Amino acid sequence: MTKRRVVAGNWKMHHGPGATRRFFEALDALLDDPSPRVMIFPPSLSFAAARESVGEESPVELGVQNIHWESSGAYTGEVSAGMAAEAGASLVLVGHSERRHVFGETDEEVARKVAAAVERELVPVICVGETLDQRREDRVEEVISSQLLASLASLVETGDDGGSIPEFMVAYEPVWAIGTGETATPADASEAHQTLRTRLGDAVGLDRASGVSILYGGSVKPHNAEELLSAPEVDGVLVGGASLEPDSFGRIVSVA
Ligand code: PGA
């Protein structure tokens, strides 16, 4: 399977509907048949504006930043996978470190969200990453492996072999590199991605594992995107701060 590189923008809690429309107007003028897959994850309230701005012909794929695992119910403030799919999302971020560390999301909840996503044919982008303390304690491999395997539990159970497992992606996002201006070195990123690829191979078979895109995230900017994207096993980038401006995001897409 040939994998296209991925450039994904996670807007977090930025850009209301008006700013979303302005972003896509400007981005449209910058993107000319991009070779990588280009994805944007706007806030839920801006999703409709994004969907309207990104026409059928646009190369941009849209996702939501979070879902609940239930399809509906008394869960004030939450949205379901079915709602996201109906609104036109094809992807969802699951287990972002801000969800884990700010909102206390557990591995078990992440696994339930992955299951809910694939049931509604959303592609989950499963985020994993170690904190600075865990890195200092030399626990990177252990932490990201256990986060990955826990989140895949529901997928691996349902598939008898790797081929029947629905599409998913993985994002390695070291917590200490997110929003800090600190980036993993290409060698650190490669090492973590290699670990994730090996664990994926154990879980879903080598063939299937080699087709899974593993993205790096954590202070990716136009000036460092090229070296990160050239690192072995890095299939794309998940960009936070630098995805908010069409110009910097467009530059990262060009680099890719
Ligand atoms: P950052 O965020 O690029 O602002 O560090 C990345 C992310 O959290 O996805």
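Whatever order the structure lists them in is the order used to number ligands and atoms, beginning at 1. As the structure is a computational prediction, the values presented were derived from the model and not from experiment. In what follows, residues are counted from 1 in the order of the sequence shown.
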Note the single closest protein heavy atom to atom 5 (O) of ligand 1, along with its residue, its atom name and the distance in Å. G179 N, 2.6 Å
K221 touching ligand 1 at heavy-atom level, < 4.0 angstrom: no
With a cut-off of 6.0 Å (strictly less than), are more than 12 heavy atoms of other residues, nucleotides or ligands near CG of L45? no
Taking only heavy atoms of G218, which atoms of ligand 1 are found under 4.0 Å from at least one of them? 5 (O)
Measure the distances from the heavy atoms of S97 to every atom of ligand 1 and state whether one is below 4.0 angstrom. no
I need the atoms of ligand 1 closer than 4.0 Å to a non-hydrogen atom of S219, numbered in the order shown. 1 (P), 3 (O), 5 (O)
Taking NZ, NE, NH1 and NH2 as the nitrogens, is one of them in D202 or R197 under 4.0 Å from a carboxylate oxygen of the other? no
Is it the case that E227 and S230 place a side-chain donor and acceptor less than 3.5 Å from each other? no
Tell me: protein heavy atom nearest atom 9 (O) of ligand 1, and distance? E173 OE2, 2.8 Å
When you look for heavy atoms under 4.0 Å from ligand 1, do you find them on the side chain of A177, its backbone, both, or neither? backbone
With atom 6 (C) of ligand 1 as the reference point, say which of A171, G241, G129, G240 has the nearest heavy atom. G240
Mind checking whether A242 has a heavy atom under 4.0 Å from ligand 1? no
Is V64 reachable from V60 through a run of I, L, V, M, F, W or Y residues, each pair having side-chain heavy atoms under 4.5 Å apart? yes
Does K12 reach ligand 1 with a nitrogen or oxygen that is under 3.5 Å from one of the ligand's nitrogen or oxygen atoms? yes
Any atom of ligand 1 sitting under 4.0 Å from a heavy atom of G217? no
Heavy atoms only, cut-off 4.0 Å: how does N10 contact ligand 1, side chain, backbone, both, or neither? side chain
salt_bridge(D188, R135) N-O dist < 4.0 Å: yes
Please say whether more than 12 non-hydrogen atoms of neighbouring residues, nucleotides or ligands are located less than 6.0 Å from CD in E70. yes
Carefully, step by step, assess E245 and R251 under the rule salt bridge (charged side-chain N to carboxylate O under 4.0 Å, His left out). CA-CA 10 Å; E245 294 301 327; R251 274 156 59 207; over 6 Å; no
Using a strict 4.0 Å threshold on nitrogen-to-oxygen distance, state whether E109 and R112 make a salt bridge. no
